[in-house]
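Predicted model, so just to flag it, every value in this text is computed and none were measured.
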Amino acid sequence: RGVIPAIDKISDLNVTVEFDHLFFHPNIKHVFFPFDAQKFDYKKKSSDKIRIGHAPTNRAAKGSDVIIPVLYELAEQFPVEIILIENMSYTDAIIAKQSCDIFVDQIGDLGYGINSLESLAMGITTCSCLAPGFEEKYPDHPFIVIDKINIKDKLIDLVSNEEKLDDTADYGRKWVEQTHDALKVVQRIHKLAGITH
């Protein structure tokens, strides 16, 4: 909604959980969205088929018009099952997501969101676009970075390599626990504000 000049003038510190806001304000710091990974059970692969999930809550914003056809092309070539998570309650959506081995969040410039944090916390290899500049600032992220051009090749690489699926799943869970932990986010804000304990 824009910067409120009167507030901006008196603030000592500006922070945002939206990485792209760094491009809209000359003096703002990024912190990670506080997220409790412990609320989600870590899953292990339990089916012969690799289950790939996508939750097109807003098909236009998520690039579902590109993602869904690629998923069904993949299902014709490999032993994968497509799990579309839409038009269901949050509880049912979480159960459906929990059954996946790979989760495809979105394509575009939005970057990852809560959907991705949930799937990472569940130990699901997670594919998403990232906001411009995010990967350069945080190169240790766990995401399989996709776009309109590379999505099929990236997914083929994953479904053909179960060891990579396991490794990325394990790392994703650890990364969310470390990076998005609420206490660590608050500690980062305190550090930026010069508050010591």
Side-chain angles (χ1 to χ4, degrees), residues 11 13-25 27-45 52-58 61-63 67 83 85 90-147 154 158 164-197:
S11 68
L13 173 67
N14 301 300
V15 295
T16 179
V17 296
E18 302 287 350
F19 188 82
D20 62 335
H21 287 183
L22 297 177
F23 301 101
F24 302 123
H25 191 288
N27 187 24
I28 196 167
K29 306 293 183 188
H30 176 255
V31 297
F32 288 98
F33 182 87
F35 183 84
D36 186 2
Q38 304 305 318
K39 289 183 178 178
F40 299 90
D41 293 330
Y42 185 97
K43 72 163 297 270
K44 285 291 185 184
K45 190 172 184 302
I52 306 177
H54 176 58
T57 44
N58 182 330
K62 287 188 171 285
I67 294 168
I83 310 297
I85 305 166
Y90 177 72
T91 301
D92 290 340
I94 289 295
I95 291 169
K97 190 183 289 186
Q98 181 89 37
S99 75
C100 297
D101 303 294
I102 299 170
F103 184 74
V104 180
D105 190 355
Q106 57 194 5
I107 287 176
D109 291 333
L110 294 174
Y112 70 95
I114 303 296
N115 250 326
S116 282
L117 293 179
E118 290 172 348
S119 60
L120 289 171
M122 291 175 186
I124 299 168
T125 298
T126 302
C127 307
S128 183
C129 68
L130 295 175
F134 183 91
E135 192 162 22
E136 289 74 24
K137 187 168 177 65
Y138 303 109
D140 64 336
H141 70 81
F143 296 98
I144 305 299
V145 182
I146 55 170
D147 56 34
K154 294 273 184 150
L158 288 174
K164 185 171 185 176
L165 272 184
D166 291 340
D167 290 346
T168 52
D170 288 341
Y171 182 66
R173 169 72 182 216
K174 289 172 188 166
W175 185 83
V176 170
E177 288 175 336
Q178 289 293 315
T179 309
H180 284 269
D181 174 72
L183 181 59
K184 291 185 176 171
V185 172
V186 171
Q187 287 171 341
R188 163 119 173 106
I189 294 171
H190 285 182
K191 185 177 180 181
L192 289 169
I195 300 170
T196 55
H197 298 279

| message | Can a donor-acceptor pair be found, under 3.5 Å and without considering hydrogens, that links the side chain of R173 to the backbone of L120? | response | no
| task | Evaluate the side-chain contact (heavy atoms from CB on, under 4.5 Å) criterion for residues H141 and T179: first the C-alpha distance (whole Å), next the side-chain angles of each, then the deciding distance (0.1 Å), finally the verdict. | result | CA-CA 9 Å; H141 70 81; T179 309; over 6 Å; no
| message | Rounded at 0.5 Å granularity, tell me how far CD in Q98 sits from CD1 in I83. | response | 13.0 Å
| Side-chain heavy-atom pair P142, T126 within 4.5 angstrom cut-off | no
| request: Evaluate the criterion side-chain contact (heavy atoms from CB on, under 4.5 Å) for residue pair N115 and K62; output intermediate values, then yes/no. | output: CA-CA 11 Å; N115 250 326; K62 287 188 171 285; 3.6 Å; yes
| task | Measure the spacing between OG of S119 and CD1 of I94 and express it to the nearest 0.5 Å. | result | 9.5 Å
| remark: OG1 (T125) and CG (D166) are apart, to the nearest 0.5 Å, by 7.5 Å
| task | Output the distance between atom CG (L165) and atom CD1 (I144), rounded to the nearest 0.5 Å. | result | 8.5 Å
Output side-chain donor-acceptor pairs under 3.5 Å for residues 27-40, partner residues at least two apart or in another chain, one line each.
residue: H30; atom: ND1; partner: Y138; partner atom: OH; Å: 2.9
residue: D36; atom: OD1; partner: Q38; partner atom: N; Å: 3.0
residue: Q38; atom: NE2; partner: E177; partner atom: OE2; Å: 3.2

| message | Pair L158, D101 - check side-chain contact (heavy atoms from CB on, under 4.5 Å), show working. | response | CA-CA 10 Å; L158 288 174; D101 303 294; over 6 Å; no
| Contacts of D92 that satisfy side chain to side chain donor-acceptor pair (under 3.5 Å) - sequence neighbours left out | S89
| query | Pairs in or reaching into residues 115-144: which pass salt bridge (charged side-chain N to carboxylate O under 4.0 Å, His left out), with residues at least two apart or in two chains? | reply | K97-E118
| field | Under the salt bridge (Lys or Arg N to Asp or Glu O under 4.0 Å) test, residues paired with K164 that sit two or more places apart | value | D157
| request: To the nearest 0.5 Å, tell me how far D20 CG sits from L130 CG. | output: 12.5 Å
| said: If the condition is side chain to side chain donor-acceptor pair (under 3.5 Å), which residues does S116 pass it with, not counting sequence neighbours? | reply: D105
| query | Any donor-acceptor pair under 3.5 Å linking the side chain of T16 with the backbone of N14? | reply | no
| said: Test of understanding: with ring-ring contact (aromatic ring centres under 6.0 Å, His included), list the residues that count as partners of Y112, not counting sequence neighbours. | reply: F134, F143, H180
